[in-house]
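Below is one structure, written out as structure tokens, with a few remarks after it.
Protein chains get the first letters and strands the later ones, always in sequence-line order, with residue 1 at the start of each.
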There are 2 protein chains.
Amino acid sequence: MTVTSVHDPSHREALWELEAAFERGDLITAFGRCTVSYTGRAASELGSGDRLVVLKPDGAALVHTDEGRTPVNWQPPGSEHHAAVREGRLRVRSVRSSPAETLTVRFSDVHQLSTMTVTGGRDLDLHGSEEDLRTRVLERPALVDPGFEPRETERPTSAGPVDVFGVDGAGRPVVVELKRRRVGPDAVGQLDRYVEAVREEYRTGGFDDDRADTDGDDGDVHSDGDDGEGDDGDDDAGSDDDDGDGVRGVLVAPSITDRAAALLADRGFEHVALDPRPEGTDGDGRVSDDAGADDDRRGRNDEE
Amino acid sequence: MTVTSVHDPSHREALWELEAAFERGDLITAFGRCTVSYTGRAASELGSGDRLVVLKPDGAALVHTDEGRTPVNWQPPGSEHHAAVREGRLRVRSVRSSPAETLTVRFSDVHQLSTMTVTGGRDLDLHGSEEDLRTRVLERPALVDPGFEPRETERPTSAGPVDVFGVDGAGRPVVVELKRRRVGPDAVGQLDRYVEAVREEYRTGGFDDDRADTDGDDGDVHSDGDDGEGDDGDDDAGSDDDDGDGVRGVLVAPSITDRAAALLADRGFEHVALDPRPEGTDGDGRVSDDAGADDDRRGRNDEE
DNA sequence: CGTGCCAGGTGCCAT
DNA sequence: ATGGCACTTGGCACG
């Protein structure tokens with residue numbers, strides 16, 4: 001049995017179905033007239049109306065109206081669903097602790113209640129994320145700067161992990177912050193924190209013990225062979241070569257807003273325009289070159 | 001007719017139901033075995049499996065697995081839903097432009113398809129947001145600082161709108177940034193940008209023409225009567241009274257992380273611990289005092 | 001579990 | 001439309 005469905009069930013019927021579905025670990029949808037109360041990190045009340053309520057076996061709960069991508073109310077995974085009949089209404093309650101939160105849906109009428117057994121994979125294969133951008137940068141560092149040499153990814157600093165850290169042609173340390181989309185002032189602030197942290201690090205003599213003691217296992221860039229060129233850029237740093245303090249800050253993103261650009265200039269940082277996905281993939285995802293291993297879209301009859 | 005539901009429909013049947021539901025402006029749920037393709041700002045592929053697909057009349061589309069609060073794939077409101085039978089599968093496609101994005105769901109089997117007419121309100125009454133925190137601060141400015149006098153909310157600066165702007169007992173300008181929850185380094189960066197903008201503003205002589213020309217209609221704090229006290233604080237600013245440049249920065253939030261606190265101290269700013277909801281409302285939402293106009297939870301029988 | 005950060009973030013409201 | 005920001009942000013990875 002994969003799907004059960006009851007129309008206009010009595011509250012007792014609905015309760016029975018719900019508890020059986022909880023037991024089975026089914027996905028549940030309930031459509032009916034209800035009010036919704038939430039209390040926890042915040043608190044909310046929603047007056048009576050028809051809504052679609054989705055209860056997942058992992059504890060997630062969603063209350064959807066006919067509008068919006070975001071549910072009006074919800075409960076994250078890890079909650080526990082309970083059902084009961086109280087004061088003539090079917091009460092579905094989803095509770096979690098830490099933080100303590102309760103979502104209560106009170107149905108005056110259940111128009112339809114369905115339960116379904118879910119099978120099959122849920123692994124999404126996604127392209128175009130920041131990780132893809134990082135890959136692009138690591139594969140072709142010249143896109144960032146002619147002489148750029150990546151040395152480490154997720155390089156730890158006192159201000160947090162630097163996306164890509166390396167040196168330029170002149171041996172100056174370069175802090176690269178990656179963003180998959182157009183950036184605003186916040187990204188500049190982020191870059192600024194990282195650059196300042198690295199500068200401070202160099203100032204106090206290379207080792208502030210800020211860098212967590214990862215033994216080059218995780219974040220190191222694939223060594224291309226040439227190591228004997230100035231191993232950690234400790235010699236050239238500290239002198240005010242160009243601007244700032246010898247440490248360059250580079251924001252790699254498709255584009256940047258005016259305010260962010262102003263802030264960036266103020267800090268003496270740079271912006272490099274780069275897309276997370278290489279050229280040839282436009283908004284519709286058509287790949288001009290690189291005929292990938294896509295075996296679903298073959299017959300291109302795209303009407304309707 | 002509010003709800004229609006078909007079990008294991010043929011693709012033709014399902015297609016018929018779908019198009020009728022589109023026509024009626026109904027909310028649609030489809031449960032079945034499908035693959036999902038998305039392309040637009042990014043691109044993704046999801047292999048075959050059972051999923052719950054929700055199609056809303058406003059154009060929103062959701063694809064849910066049995067896990068997570070967030071749909072594996074989706075389309076925001078404003079999209080257009082289309083259905084067709086292609087290559088022996090039921091294809092549901094949701095398309096939007098700007099940005100150009102397409103979500104395609106291909107059903108090999110539809111286990112259940114339901115359509116529902118939605119009526120009733122969707123206005124959520126939410127408490128505990130940043131706006132509530134602002135209200136608290138405006139009603140009791142002393143919570144921020146003994147002599148604090150709010151002057152303006154959403155005060156425009158070259159760096160963006162300042163949550164609350166005012167003066168302290170010594171007549172110094174105060175920039176207040178509000179956060180409804182525990183803050184990290186980003187919030188300090190935000191406050192820093194605002195304070196710097198205000199300082200620059202004062203430095204260049206009160207009017208940099210940064211402040212957008214809102215004629216005191218929107219952001220002004222309710223005038224309490226006393227206006228003849230130094231109308232815009234132009235006299236005392238510019239002298240390095242305490243630290244920084246005579247402009248104070250205050251981060252109002254329930255709590256703050258260590259890193260953020262360090263940054264805050266570095267900038268010479270302050271943290272004021274304040275909750276968006278007044279004392280007496282704990283995590284479970286029980287209000288100790290202030291018996292509000294809540295008329296739903298009366299009989300407190302809270303078992304199961 | 002808290003800290004920090006990315007996300008196809010979404011949503012709201014401003015210019 | 002773009003911009004800046006809040007959000008019960010959610011989700012993940014790491015210390």
* To do: For DNA chain D, find the residues of residues 67-77 of chain A with a heavy-atom distance under 4.0 Å and give them by number; none if there aren't any.
  => A/Val72, A/Asn73, A/Trp74, A/Pro76, A/Pro77

* Does A/Ala187 have any side-chain contact (heavy atoms from CB on, under 4.5 Å) partners at least two apart in sequence or in another chain, and if so, which? -> A/Lys179, A/Val183, A/Leu251

* Structure fact -> Those residues at least two apart in sequence (or on a different chain) that pass side chain to side chain donor-acceptor pair (under 3.5 Å) with B/Thr29 are none

* To do: Please state how far atom CZ in A/Arg41 lies from atom C1' in D/dT8, giving the value in whole angstrom units.
  => 4 Å

* Could you give the CG-to-P distance, from A/Asp258 to C/dT15, as a whole number of Å? -> 17 Å

* Asked: What pairs with B/Arg259 under side chain to side chain donor-acceptor pair (under 3.5 Å), at least two apart in sequence or on another chain?
  -> none

* Between B/Leu103 and B/Ile256, just flag the one whose closest nucleotide in DNA chain C comes earlier from the 5' side. => B/Ile256

* Which pair of heavy atoms, one from B/Arg69 and one from B/His64, lies closest together, and at what distance? -> O-CE1, 3.5 Å

* Structure fact -> CZ of A/Arg181 to CG of A/Asp275, rounded to nearest 0.5 Å, is 13.5 Å

* Asked: Sequence neighbours excluded, which residues qualify as side chain to side chain donor-acceptor pair (under 3.5 Å) partners of A/Asp132?
  -> A/Ser129

* Asked: Separation of B/Leu263 atom CG from C/dT3 atom C1', in whole Å?
  -> 13 Å

* Output all residues satisfying side chain to side chain donor-acceptor pair (under 3.5 Å) with A/Thr257, sequence neighbours left out; order by chain, then residue number. => none

* Mind calculating the distance between CG (A/Leu133) and P (C/dA7) to the nearest angstrom? => 9 Å

* **Which residues share a side-chain contact (heavy atoms from CB on, under 4.5 Å) with A/Ala30, sequence neighbours left out** => A/Val53, A/Phe107, A/Leu113

* Just how far, in rounded Å, is P of D/dT8 from CG of B/Leu124? -> 8 Å

* To do: Report the residues that fulfil side-chain contact (heavy atoms from CB on, under 4.5 Å) with B/Asp192, sequence neighbours left out, ordered by chain and then residue number.
  => B/Glu196, B/Arg267, B/Phe269

* Structure fact -> Looking only at C/dC6, C/dG8, D/dT8, the nucleotide nearest the A/Asp163 side chain is C/dC6

* Structure fact -> Whole-Å distance, B/Leu62 CG to C/dG8 P, equals 15 Å

* Asked: Rounded to the Å, how far apart are A/Glu130 CD and C/dA7 C1'?
  -> 10 Å

* To do: Evaluate whether atom CD of A/Glu131 has more than 12 neighbouring non-hydrogen atoms of other residues, nucleotides or ligands under 6.0 angstrom away.
  => no

* Using the C1' atom on both, measure D/dT9 against D/dC5 and round to a whole Å. => 12 Å

* So, is B/Thr257 close to the C/dG2 phosphate, meaning a side-chain N or O under 4.0 Å from OP1 or OP2? -> no

* Asked: On a whole-Å scale, what distance lies between the C1' atoms belonging to D/dC7 and C/dC5?
  -> 16 Å

* For B/Glu101 and C/dA7, give me the distance from atom CD to atom C1', rounded to whole Å. => 13 Å

* D/dG11 and C/dG11, which share atom name P, separated by this distance in whole Å -> 15 Å

* To do: Under 4.0 Å between any heavy atoms, over every strand shown, what does A/Ser129 touch: base, sugar-phosphate, or nothing? Just pick one.
  => sugar-phosphate

* Can you sort out which residues in residues 177-194 of chain B have a heavy atom within less than 4.0 Å of DNA chain D? Ascending by number, please. => B/Glu177, B/Lys179, B/Arg180, B/Arg181, B/Gln190, B/Arg193, B/Tyr194

* **Which residue lies more 5' along DNA chain D, comparing B/Gly128 with A/Arg259 via nearest heavy atoms** => A/Arg259

